[in-house]
Amino acid sequence: QGIGLCYASLVEYYAKQKDYKKALEYNLKGIQILEAIEDRVRTAEAKDIRGNLYIEMNNYTDALKIFLEDLKVYQEMGDSINTAGAYNNVGFAYSKLKKYDESVNYFNKGLLLAKEVGAKDKMLNCYRSLAELYEMKNDYKNAYRYHKLYFAMNDSLFNETKSKQVAEMKTRYETEKKGDDIALLNKNKEIQNIEINKQKLLKNSFIGGLLLMLVLFFLIYNNYRTRQKLKLENIRNNIAADLHDDIGSTLNSISLFSEVAKQEAGKPIPALDQIGVSARKIIDAMSDIVWTINPENDTFENVIARMRSLAYLLLKAKQIEFIFRADENLNHLSLPMPVRKNFYMLFKEAINNLVKYSNATNASFHISLDNNNVKLLIHDNGVGFDEEHVLMGNGIKNMKRRAAEIGAQLLIESAEGKGTNIELSFKT
């Protein structure tokens, strides 16, 4: 098994170097060792790696053959989790061969099995694969549906991971605190013995006791601040949950009932159409509010992910090509809730204006960090507008208000026929 692990490491190394010939050579040696010890599951997993190497080499036919063989092995052994992953691999190979009907069939089988066994990582892969497949077929409705499911589950898995990390940190903290308490008790005993045996150290003992009290006061104060912060985050979580569960479900019901009423009426009813549109707008706004309140989203990394998702959904629907870049050193930043809300809502206002009014075919977005200064640049090649004659509509007034609320500088440059440039910058 140790030799097999060495071969697996060599396969990974040569694959990263794109030396697929060498990678296949060591992969085969590893497979032969696993077959010799009759480890069927790990043999199939090693063959899956071989199939993925063929995918990288654009040899989709051989990759499909391997994935189908491995699927049969997992099914015979009753390994449901690996079977779900194998369905996804087969579907991916068929998509590369442009056999979309077979691809959808296997993706759906994998998704169904993953749901049955609760394999969330496999479900996430199926959602992403189906979204990409429908996008290749230009079926943007289904592509949007599966992208939405993918991002929702990705957020869920992210939150689960963070919760586990918080629990682990809490356990480590409590363990270290107990150790500190024991050390403190031992120190007190030593001080008492010193005071009994050596009166001349009374002054130094008094100073030590004073310092100890200051340390204890700091620990108590710090613990109080931590508990207050956790309490505030719990309140924010409860508010977000109540908004999502109570108001969100009610608005969804209104939208659904308006659609049912239209179908029962058998003719267009403008008032019902308006009810449905208004309910959906409020649902969208409620989603932004819930996202803003949730303390899990205070990191800039989550803000960027939501901005990227919004750009993809809106611009792809209008067939606008775009580039979205964000500096990696932004990810470690944590934004206060008011700053995060206004920054995201200003971006949303700008991108909605771009989609509605610009008639652009290309757009670009760049977020950077320089000397604690966050800068957002938005450019499109649309029809533009005359800044001297444009009305204070189209969200421009709201954008300026939101920039002012976070102390940001907002610059909007446009001219008829020359597109639009928006620059927002603020200190962190």
Taking [X] for the side chain and [Y] for the main chain, is one N or O donor matched with an acceptor at less than 3.5 Å?
| X | Y | result |
| --- | --- | --- |
| Asn352 | Lys348 | yes |
| Thr43 | Ile31 | no |
| Ser309 | Ala305 | no |
| Asn381 | Asn362 | yes |
| Ser414 | Gly384 | no |

Item to check | Pairing of Glu25 and Lys21 as salt bridge, 4.0 angstrom limit | outcome: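 No, no charged N to carboxylate O under 4.0 Å.
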Checklist entry - Does Glu349 come within less than 4.0 Å of Arg402, counting only side-chain N to carboxylate O? => result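 Between Arg402 and Glu349 there is no salt bridge, as every charged N stays at least 4.0 Å from the carboxylate O atoms.
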Next on the checklist: Between Tyr60 and Tyr54, does the ring pair (Phe, Tyr, Trp, His ring centres under 6.0 Å) criterion hold? Intermediate values first, please.
Outcome noted: CA-CA 6 Å; Tyr60 306 128; Tyr54 281 132; over 10 Å; no
Next on the checklist: Under the criterion side chain to side chain contact (heavy atoms under 4.5 Å, CB included), I'd like the reasoning laid out for Ile412 against Leu410: C-alpha separation, chi angles, the key distance, then a yes or no.
Outcome noted: CA-CA 7 Å; Ile412 301 175; Leu410 176 65; 4.2 Å; yes
Do the side chains of [Y] and [X] get nearer than 4.5 Å, heavy atoms only?
| X | Y | value |
| --- | --- | --- |
| Asp101 | Tyr94 | no |
| Val41 | Met77 | yes |
| Leu130 | Asn142 | no |
| Thr83 | Leu113 | yes |
| Asp48 | Asn89 | yes |

Checklist entry - Aromatic rings His147 and Phe151: how do their planes relate, parallel, tilted or perpendicular, breaks at 30° and 60°? => result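 Geometry flag for Phe151 against His147: parallel rings.
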Next on the checklist: Parallel, tilted or perpendicular, judged at 30° and 60°: which one describes the rings of Phe365 and Phe347?
Outcome noted: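 Plane angle over 60°, so perpendicular.
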Can you name the nearest heavy-atom pair linking [X] to [Y], along with the distance?
| X | Y | answer |
| --- | --- | --- |
| Val117 | Ser80 | CG1-CB, 3.5 Å |
| Asp70 | Ala44 | OD2-O, 3.1 Å |
| Asn82 | Glu45 | ND2-OE2, 3.4 Å |
| Asn353 | Ile396 | ND2-N, 4.5 Å |
| Phe324 | Arg308 | O-NH1, 3.4 Å |
| Phe107 | Cys126 | O-SG, 3.9 Å |

Gap between atom [atom2] of [Y] and atom [atom1] of [X] - 0.5 Å precision:
| X | Y | atom1 | atom2 | value |
| --- | --- | --- | --- | --- |
| Tyr14 | Ser9 | OH | OG | 12.0 Å |
| Asn372 | Asp370 | CG | CG | 9.0 Å |
| Phe322 | Ser364 | CZ | OG | 11.0 Å |
| Phe343 | Glu405 | CZ | CD | 15.0 Å |
| Lys148 | Tyr127 | NZ | OH | 12.5 Å |

Checklist entry - Taking it one step at a time, do Phe67 and Glu69 satisfy side chain to side chain contact (heavy atoms under 4.5 Å, CB included)? => result CA-CA 5 Å; Phe67 290 149; Glu69 291 174 356; over 6 Å; no
Item to check | Verdict with reasoning, Ile33 to Lys29, per side chain to side chain contact (heavy atoms under 4.5 Å, CB included) | outcome: CA-CA 6 Å; Ile33 291 174; Lys29 291 180 179 180; 5.7 Å; no
Checklist entry - Would Thr420 and Leu354 count as a side chain to side chain contact (heavy atoms under 4.5 Å, CB included) if you check the C-alpha gap in whole Å, the side-chain angles of each, and the deciding distance to 0.1 Å? => result CA-CA 9 Å; Thr420 301; Leu354 190 158; over 6 Å; no
Checklist entry - For Ile304, which of Leu333, Leu330, Asp327, Thr299 qualifies under side chain to side chain contact (heavy atoms under 4.5 Å, CB included)? => result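 Output: one option passes, namely Leu330.
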Next on the checklist: Distance to the ring centre below 6.0 angstrom and angle to the axis at most 45 degrees; does that hold for Lys109 and Tyr106?
Outcome noted: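 Here Lys109 passes the 6.0 Å and 45° test against Tyr106.
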